[in-house]
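Residue numbering restarts at 1 for every chain, and letters A, B, ... go by the order of the sequence lines.
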There are 2 protein chains.
Amino acid sequence: MLRQNGLSCQSSCKIDLRISAKRMGLLNKVEVLKGRKRGSKRDPEANKQLLIEATLDTIADIGVTDTSVSRICERSGLSRGMIHLHFGGKDNLLTAAAQHFSAQYYAEMDRMTDLGSDASPEDRVMAVIEADLSEALLNPRSTKIWHAFRGIASSHPGIARYSSTQDHKLVETLRLAFKEITQENVRDSILVDDATAGTLALLEGMWVNYLTDMQGFSRRRSVDLIRRFLCGLFPGKFKL
Amino acid sequence: MLRQNGLSCQSSCKIDLRISAKRMGLLNKVEVLKGRKRGSKRDPEANKQLLIEATLDTIADIGVTDTSVSRICERSGLSRGMIHLHFGGKDNLLTAAAQHFSAQYYAEMDRMTDLGSDASPEDRVMAVIEADLSEALLNPRSTKIWHAFRGIASSHPGIARYSSTQDHKLVETLRLAFKEITQENVRDSILVDDATAGTLALLEGMWVNYLTDMQGFSRRRSVDLIRRFLCGLFPGKFKL
DNA sequence: GTCACTAATGGACGATCGTCCATTAAATGT
DNA sequence: ACATTTAATGGACGATCGTCCATTAGTGAC
């Protein structure tokens with residue numbers, strides 16, 4: 001929107017129009033989002049969020065490689081100095097974006113798997129799987145961002161911290177559920193570990209399938225596939 | 001090695017040393033590798049390969065984001081103009097590198113799964129799994145490169161073509177084997193599809209695990225995990 | 001209204017990016 | 001031996017990178 005305004009008017013008024021358009025449009029939106037008191041035109045915390053969101057959107061749109069400071073600021077409608085001001089540099093912003101993205105994922109995952117405490121372990125496992133493959137978590141934007149971050153994680157320690165599914169509450173949720181399922185058969189603790197790791201691995205694979213071919217991807221079939229594998233691991237459980 | 005020479009000598013002789021070192025060292029190596037006729041100092045094909053290899057090494061070392069034309073040339077010991085000369089630009093070189101990497105993977109996979117034609121379908125499936133998780137295919141370099149390419153694939157169509165495991169001979173190998181296993185039970189064609197897709201998904205997940213935590217990764221445990229899942233899918237088969 | 005303070009701006013800066021090409025060097029043909 | 005062709009070089013080029021900072025604008029205290 002900003003760019004369109006800038007391009008469509010003559011050069012003499014370009015700067016004025018861009019500034020006023022930015023000011024009005026974005027700040028009003030921010031005010032609504034954050035509930036900031038009316039008339040205030042400054043809100044550092046909201047701008048930090050704006051930058052993080054713009055970073056994620058830019059990565060999803062044009063890829064990490066082409067995500068530059070200028071591009072992020074352009075999209076957020078804020079000035080170029082803002083990144084250094086609030087984050088101290090591009091790298092820190094990227095790390096903050098990865099953290100925010102990860103936190104958002106787990107928050108939404110928690111929300112979607114908040115079954116009653118009387119839910120069977122099978123239902124809890126399936127809830128995790130269905131949540132992970134739901135449109136809220138698995139969509140074009142999130143897959144692109146997720147894999148982009150993972151792709152640069154090994155050369156970017158700050159991001160690596162948020163590129164793993166393996167060290168979160170989610171793992172314990174699954175492990176506990178599988179433990180309950182096998183409780184009569186306690187001798188086999190490796191089964192629980194394998195079921196947990198295997199389920200997460202299958203989900204990873206599904207995300208890759210989605211990234212590779214979004215058209216041909218079917219959430220239902222993917223859920224059924226994983227259920228089928230779990231049904232094999234725990235005969236009698238996870239029946240359709 | 002080039003850089004060390006450049007740094008360790010004085011500035012007056014820097015250029016001469018670098019050139020002579022590059023000429024001697026690299027060309028002799030290339031001659032040995034390619035069997036080029038003695039005394040020849042030009043070999044465009046070898047240089048293309050040299051650039052591709054240098055590209056992959058650079059990506060594995062410092063990540064795609066920092067992989068620039070200068071860095072690639074520095075590592076290969078060739079001049080900066082070479083990339084434009086042989087590939088017409090950086091993007092084409094990256095695509096060629098992705099293609100080469102993919103081809104190398106499948107060549108090695110073929111080599112390692114070349115069992116006799118009397119091998120059981122179970123053995124053929126397990127051969128694919130063990131090959132994919134072997135050190136020859138799954139190592140720090142290959143994982144970093146693989147995920148780096150996948151991370152930029154969605155914004156780089158040329159690379160996307162080589163970032164999928166799903167449209168290759170490998171899929172048919174697995175599908176055929178699983179079909180043989182279920183041949184008495186022909187009515188269930190989805191089982192074959194699920195087993196194929198699930199196995200590949202599990203392997204994807206194992207690669208991610210390896211990338212995320214190379215120290216804690218165990219090839220044997222990963223193979224056993226997948227075998228366990230398959231054993232559940234096909235009761236009686238894939239026994240330890 | 002004035003003052004101190006912080007948020008925000010946008011341009012300056014040197015470094016590096018990828019591309020391109022005039023030049024040099026090597027191989028080949030005659 | 002010389003001419004022709006092709007491989008290879010390395011610097012020039014403008015664009016863009018990320019960082020930094022002098023300046024402006026908004027806010028709250030008095």
What do you reckon, is CZ of A:R161 surrounded by more than 12 foreign heavy atoms closer than 6.0 Å?
-> no

Rounded to the Å, how far apart are B:D43 CG and D:dA8 P?
-> 7 Å

Sole candidate of B:T199, B:D193, B:T196 that passes side-chain hydrogen bond (donor to acceptor under 3.5 Å, both in side chains) when paired with B:R175 = B:D193

Take atom NE2 of B:H86 and atom P of D:dT6, then tell me their distance rounded to the nearest Å.
-> 14 Å

If you check the B:S68 side chain, which of D:dA8, C:dG18, C:dT6 turns out closest?
-> C:dG18

Can you run down the salt bridge (Lys or Arg N to Asp or Glu O under 4.0 Å) pairs that involve residues 96-107 of chain B, sequence neighbours left out, and say none if there aren't any?
-> none

Not counting sequence neighbours, list each pair that qualifies as a salt bridge (Lys or Arg N to Asp or Glu O under 4.0 Å) and has a residue in residues 47-65 of chain A.
-> A:E53-A:R141, A:D57-A:R141, A:D61-A:R75

Here the salt bridge (Lys or Arg N to Asp or Glu O under 4.0 Å) pairs for residues 79-93 of chain A, sequence neighbours left out, are none

Tell me: CG of B:N92 to P of C:dG18, nearest whole Å?
-> 14 Å

Kindly say if A:N47 contacts the phosphate of C:dA7, meaning a side-chain N or O under 4.0 Å from OP1 or OP2.
-> no

Whole-Å distance between D:dC17 C1' and A:I72 CD1?
-> 12 Å

When you measure from the side chain of B:S79, which nucleotide among C:dT9, D:dT9, C:dA7 comes out closest?
-> D:dT9

Give the rounded distance in Å between these two atoms: CE of B:M82 and P of D:dG11.
-> 16 Å

Which class fits the ring pair A:H147 and A:W207: parallel under 30°, tilted 30 to 60°, perpendicular over 60°?
-> tilted

Checking A:D132 side chain against A:V128 main chain: does a donor-acceptor pair fall under 3.5 Å?
-> no

Atom pairs, protein N/O to nucleotides 19-23 of chain C N/O, distance under 3.5 Å:
unit_1	atom_1	unit_2	atom_2	d
C:dT19	OP2	B:K90	N	2.9
C:dT19	O4	B:R80	NH2	2.6
C:dC20	OP2	B:H84	NE2	3.0

Nearest listed nucleotide, side chain of B:R71, among C:dA8, D:dT9, C:dC17 | C:dC17

Between the axis at one end of the helix from C:dG1-D:dC30 to C:dT30-D:dA1 and the axis at the other (five pairs apiece), what's the angle to 10 degrees?
-> 10°

Check whether any side-chain N or O of B:T58 sits under 3.5 Å from a backbone N or O of B:A54 as a donor-acceptor pair, and report yes or no.
-> yes

To the nearest angstrom, the CD-P distance between A:E74 and D:dG18 comes to 13 Å

Once you round it to whole Å, what is the distance between P of D:dT27 and CZ of A:R42?
-> 6 Å

Establish, with yes or no, whether the OP1 or OP2 oxygen of C:dC17 is under 4.0 angstrom from a side-chain nitrogen or oxygen of B:S70.
-> yes

Expressed in angstrom and rounded to an integer, what is the separation of A:L51 atom CG from D:dG18 atom C1'?
-> 15 Å

Salt bridge (Lys or Arg N to Asp or Glu O under 4.0 Å): which pairs involve residues 197-208 of chain B, sequence neighbours left out?
-> B:R150-B:E204

